[in-house]
Amino acid sequence: MKTVFRDISWFKDVLLPVVVTMLGVYLGILASDWQDQQRERELKQEMLRQIYREAQSNVQSLTNSYQYHLQLKDSLETWRQQQLPDAERIRRGQQLFRGLNPAFLRSAAFTSAIHGGGLQILPYDLFHQTASIYTGQQKLDDMNQIFLGKLVDLFTNQGEDTGQAIYQLIQIYIVDIVRSEEMLMKENKALIEKIKDTLGNELNKNEKD
């Protein structure tokens with residue numbers, strides 16, 4: 001009987017505190033992991049909301065720019081098919097051309113996500129899709145800058161063939177710009193739908209708020 005009481009006392013005085021301590025540590029780790037998962041989930045949702053709003057803004061900007069550039073491209077092609085004299089094509093082009101009119105594309109959400117390390121928590125396909133779009137937007141910005149620089153050079157150093165040179169430059173530029181803008185519109189719209197599917201009601205709730 002004394003042995004039984006001694007075993008019970010040993011369990012109460014030695015083993016039980018150890019078990020309670022281990023259980024407390026385990027529950028603490030679970031709580032910490034849960035909090036980390038919650039923070040990561042909230043970070044992911046907020047990052048996707050910002051990219052979603054930015055993509056919507058970029059689609060609108062691309063749409064406006066694309067409509068102008070497509071009209072210019074189609075007009076130049078029509079005049080070429082009609083075999084209009086160079087002087088007439090240049091005259092019409094000067095009337096239609098309203099400057100570069102590039103799309104103003106935002107990238108603050110993507111840049112913030114990169115610097116904050118947030119993109120790493122996205123699924124690979126969504127990460128790749130997002131990075132590809134912003135890479136394409138940077139290429140479009142670079143293309144606009146190159147075209148603008150060449151256009152400024154032609155205006156600065158005008159000669160007898162300046163009008164023809166500007167017309168030819170626009171012909172080359174406009175084909176690439178229309179193709180790039182059309183591709184980026186499609187990719188941004190696809191990203192918007194992907195984020196909608198990923199966030200679901202969380203996105204809708206945020207939009208209502």
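Just so you know, these numbers use all the heavy atoms, side chains as well, and skip hydrogens, waters and symmetry mates.
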Please tabulate, for side-chain N and O atoms in residues 143-156, each donor-acceptor pair with protein atoms closer than 3.5 Å (sequence neighbours left out).
from	atom 1	to	atom 2	distance (Å)
Asn144	OD1	Tyr173	OH	3.0
Asn144	ND2	Leu140	O	3.3
Thr156	OG1	Val152	O	2.7

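Judged purely by atom type and a 3.5 angstrom limit, Glu54 uses its side chain to pair as donor or acceptor with the backbone of Ala108. For the pair Ser61 (side chain) and Phe104 (backbone), a donor-acceptor distance under 3.5 Å is present.
Note that the CD atom of Glu181 and the CG atom of Leu184 stand 8.0 Å from one another [nearest 0.5 Å]. To the nearest 0.5 angstrom, Ile192 atom CD1 is 12.0 Å from Asp197 atom CG. Of the inter-residue distances, the one linking Gln171 atom CD with Lys73 atom NZ reads 11.0 Å to the nearest 0.5 angstrom. To the nearest 0.5 Å, atom CD of residue Gln56 and atom CZ of residue Arg53 are 9.0 Å apart. Phe127 contributes atom CZ, which lies 11.0 Å from atom OG of Ser132 (distance to the nearest 0.5 angstrom).
With sequence neighbours left out, Thr135 forms a side-chain hydrogen bond (donor to acceptor under 3.5 Å, both in side chains) with no residue at all. For Asp176, the salt bridge (charged side-chain N to carboxylate O under 4.0 Å, His left out) partners are Arg179, not counting sequence neighbours.
Sorted by first then second residue, the salt bridge (Lys or Arg N to Asp or Glu O under 4.0 Å) pairs that include residues 100-116, not counting sequence neighbours, number zero. Residue pairs meeting the salt bridge (Lys or Arg N to Asp or Glu O under 4.0 Å) criterion with at least one member in residues 184-195, sequence neighbours excluded, are Asp125-Lys194, Glu193-Lys196. Residue pairs meeting the salt bridge (Lys or Arg N to Asp or Glu O under 4.0 Å) criterion with at least one partner in residues 135-149, sequence neighbours excluded, do not occur; the list is empty.
When all heavy atoms are compared, the tightest approach of Ala109 to Ile51 is CB-N, 3.9 Å. Pro102 and Ser65 make their closest contact through C-OG, 3.9 Å (heavy atoms, listed as atom of the first residue, atom of the second, distance). Nearest approach of Met185 to Val59, heavy atoms of both residues: O-CG2, 4.4 Å.
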Passes side chain to side chain contact (heavy atoms under 4.5 Å, CB included), Thr130 versus Ile195? Steps please.
CA-CA 10 Å; Thr130 304; Ile195 294 176; 5.9 Å; no
Let me see the working for Gln67 and Gln71 under side-chain hydrogen bond (donor to acceptor under 3.5 Å, both in side chains), right down to the final yes or no.
CA-CA 6 Å; Gln67 290 173 348; Gln71 179 190 15; over 6 Å; no
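If you run side chain to side chain donor-acceptor pair (under 3.5 Å) between Gln60 and each of Thr63, Asn58, Asn64, only Asn64 comes through.
Ile177 and Val175 fall within the same hydrophobic cluster, where Ile, Leu, Val, Met, Phe, Trp and Tyr residues are linked whenever their side-chain heavy atoms come under 4.5 Å apart, directly or through other members.
Side chains of Ile174 and Leu70 form no contact here, defined as non-hydrogen atoms less than 4.5 Å apart. Side-chain atoms of Asn188 and Gln137, non-hydrogen and from C-beta on, do get closer than 4.5 Å to each other.
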